[in-house]
Novice: 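Sharing a structure with you now.
First the proteins, then the strands, lettered A, B, ... as listed; each starts at 1.
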Number of protein chains: 2
Amino acid sequence: MVRWEPGAKERLQLAALDLFLHRGFEQTTVQDIAQEAGLTERTFFRHFADKREVLFQGQQQYAAEFVRGVRDAPAGAAPFELIRAALLSGSVLFDDERRPWSRQRQAVIDANPALQERESLKRVSLTDVLTEALVARGVDDVDARLTAEIGVSAFFVAFRGWIRADEQRSLDDLQQEALARMAAILPTRAPA
Amino acid sequence: MVRWEPGAKERLQLAALDLFLHRGFEQTTVQDIAQEAGLTERTFFRHFADKREVLFQGQQQYAAEFVRGVRDAPAGAAPFELIRAALLSGSVLFDDERRPWSRQRQAVIDANPALQERESLKRVSLTDVLTEALVARGVDDVDARLTAEIGVSAFFVAFRGWIRADEQRSLDDLQQEALARMAAILPTRAPA
DNA sequence: GTCTATAGTGCGATAGAC
DNA sequence: GTCTATCGCACTATAGAC
């Protein structure tokens, strides 16, 4: 007889999403989740720093793809090209199979302020790592931050559209549209 | 003898900032803060939803100024003009007198992830109300969201610069610079 | 204003993998 | 033997219920 089944973390994540969906985040205790996964509270907290974090693991995987897009872009690419590459690279994680799961997860987050708080912090972290990646590609500090802000905004606006019930377009299509619209909103520079 | 001194909320805020600065956020209990202000824990939670919130009251005042800028902008103003008006309107709250206080407060926030989380949520809320204000001015939903994102990004990047030790320029100068740089980063549209 | 549930921590013990 | 995952228990502070 084994002392523990493999995949404890995954079991906890699945149990948590399921319970949050049906009972609500606040109405679900960590003990409930652990019990559902055949583990104890203490073990839950070994895998996740806090109760909310169980929904946000995997985000750093997205950040990594994002950064990889920047790192692998052709030499001499302008900041705007770098951010397009980042967005395209990240979008591969959001295929049509994932759409229903993303919808469920987002519904749970939208129903709870504490989870929105964590999500918004993840957004900031994503902007930070992207900024760093741009600086590593030689972009000026402030421009890097602004470029990252533009890119992350495009991602989040596109993502919201992507999980809409009637939306069929790919995430990257929506991202490109968001970037184009932002360019249209900002004033054109006077020709040199 | 009075039953309670006036300004309970303000006393709690001042006591909290002071204790957070000297002891750290986590090392300060709500009881510490209440005691310092001559009140009870229960009273603290009557004024603030949670321990972190004591640092974030006054943000909604900023949001109101922001929105007012949008509402009072001249008729027929393009989204970009509306956002410029919002930023200018909000910046009046950040005069040179406030700079040292903003620095202190930000130092406390930067030292604690839980506070960064709350700050990032406030940022999202600000974007939401700004989006709403733009929609009320007739801007298309998606453009409103994107415009709000641009504006809030400009504010936060500018604010970071504004509290730098050696920075002398006004917040709005820095905001304008941020907007100009974003425009320069995004590609120019092909002429119609 | 009191009471209590729950989140989250610290430390130690144990069981298996290697 | 070492290393790591799990569990047990006692504990504090937050936050909400009554």
Novice: Do the side-chain N or O atoms of A:T40 get closer than 4.0 angstrom to the phosphate oxygens (OP1, OP2) of D:dC7?
Specialist: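 Affirmative; the distance criterion is met.
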Novice: Check the distance between D:dA5's C1' and A:F48's CZ and give it to me in whole angstrom.
Specialist: 14 Å
Novice: B:D18: which residues meet the side chain to side chain donor-acceptor pair (under 3.5 Å) condition with it, sequence neighbours left out?
Specialist: B:H22
Novice: Linking I/L/V/M/F/W/Y whenever any side-chain heavy atoms sit under 4.5 Å apart, do B:L14 and B:L39 land together?
Specialist: no
Novice: Which residue pairs pass the ring pair (Phe, Tyr, Trp, His ring centres under 6.0 Å) test with at least one member in residues 103-134 of chain A, sequence neighbours excluded?
Specialist: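 Counting only pairs at least two positions apart or across chains, no ring pair (Phe, Tyr, Trp, His ring centres under 6.0 Å) contact touches residues 103-134 of chain A.
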Novice: Can you check the A:I33 CD1 to C:dT6 C1' distance for me, whole Å?
Specialist: 12 Å
Novice: May I have all residue pairs that pass salt bridge (charged side-chain N to carboxylate O under 4.0 Å, His left out) and include part of residues 85-99 of chain B, sequence neighbours excluded?
Specialist: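 Residue pairs passing salt bridge (charged side-chain N to carboxylate O under 4.0 Å, His left out), neighbours aside: B:D96-B:R99.
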Novice: Quick one: is D:dT6 close enough that its OP1 or OP2 comes under 4.0 Å of any side-chain N or O from A:H47?
Specialist: yes
Novice: In this structure, how many angstroms lie between the P atom of D:dA5 and the CG atom of A:L12, rounded?
Specialist: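 The answer, rounded to whole Å, is 13 Å.
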Novice: Please list all pairs meeting ring pair (Phe, Tyr, Trp, His ring centres under 6.0 Å) that have one or both residues in residues 117-149 of chain B, counting only residues at least two apart or in different chains.
Specialist: none
Novice: Could you tell me the separation between the CD atom of B:Q27 and the C1' atom of C:dG8, rounded to a whole number of Å?
Specialist: 15 Å
Novice: Figure out the CG/C1' separation between A:D32 and C:dA7, and round it to whole Å.
Specialist: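 Checked: the CG to C1' distance equals 13 Å.
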Novice: Tell me, please, which residues at least two apart from A:D140 pass salt bridge (Lys or Arg N to Asp or Glu O under 4.0 Å).
Specialist: B:R181
Novice: Hey, are A:E53 and A:K51 close enough for a salt bridge, meaning a charged N less than 4.0 Å from a carboxylate O?
Specialist: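 So A:E53 does not pair with A:K51 through a salt bridge.
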Novice: Can you name the residues that form a side-chain contact (heavy atoms from CB on, under 4.5 Å) with B:E65, not counting sequence neighbours?
Specialist: B:R68, B:S89, B:V92, B:L93
Novice: When you measure from every atom of DNA chain C, which of residues 14-24 of chain B have a heavy atom less than 4.0 Å away?
Specialist: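 Heavy-atom contacts with DNA chain C come from no residue of residues 14-24 of chain B; none.
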Novice: Round to the nearest Å and state the distance from A:F25 atom CZ to D:dG16 atom P.
Specialist: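 Taking atom P of D:dG16 as the reference, CZ of A:F25 is at 12 Å.
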Novice: How would you list all residue pairs meeting ring pair (Phe, Tyr, Trp, His ring centres under 6.0 Å) that involve residues 129-156 of chain A, not counting sequence neighbours?
Specialist: A:Y62-A:F155, A:F94-A:F155, A:F155-A:F159
Novice: Enumerate the protein-to-nucleotides 10-14 of chain D contacts in which both atoms are nitrogen or oxygen and the separation is below 3.5 Å.
Specialist:
{"unit_1": "D:dT14", "atom_1": "OP1", "unit_2": "B:V30", "atom_2": "N", "d": "3.1"}

Novice: May I have the distance from A:R46 (atom CZ) to D:dC9 (atom P), rounded to whole angstrom?
Specialist: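 Taking atom P of D:dC9 as the reference, CZ of A:R46 is at 18 Å.
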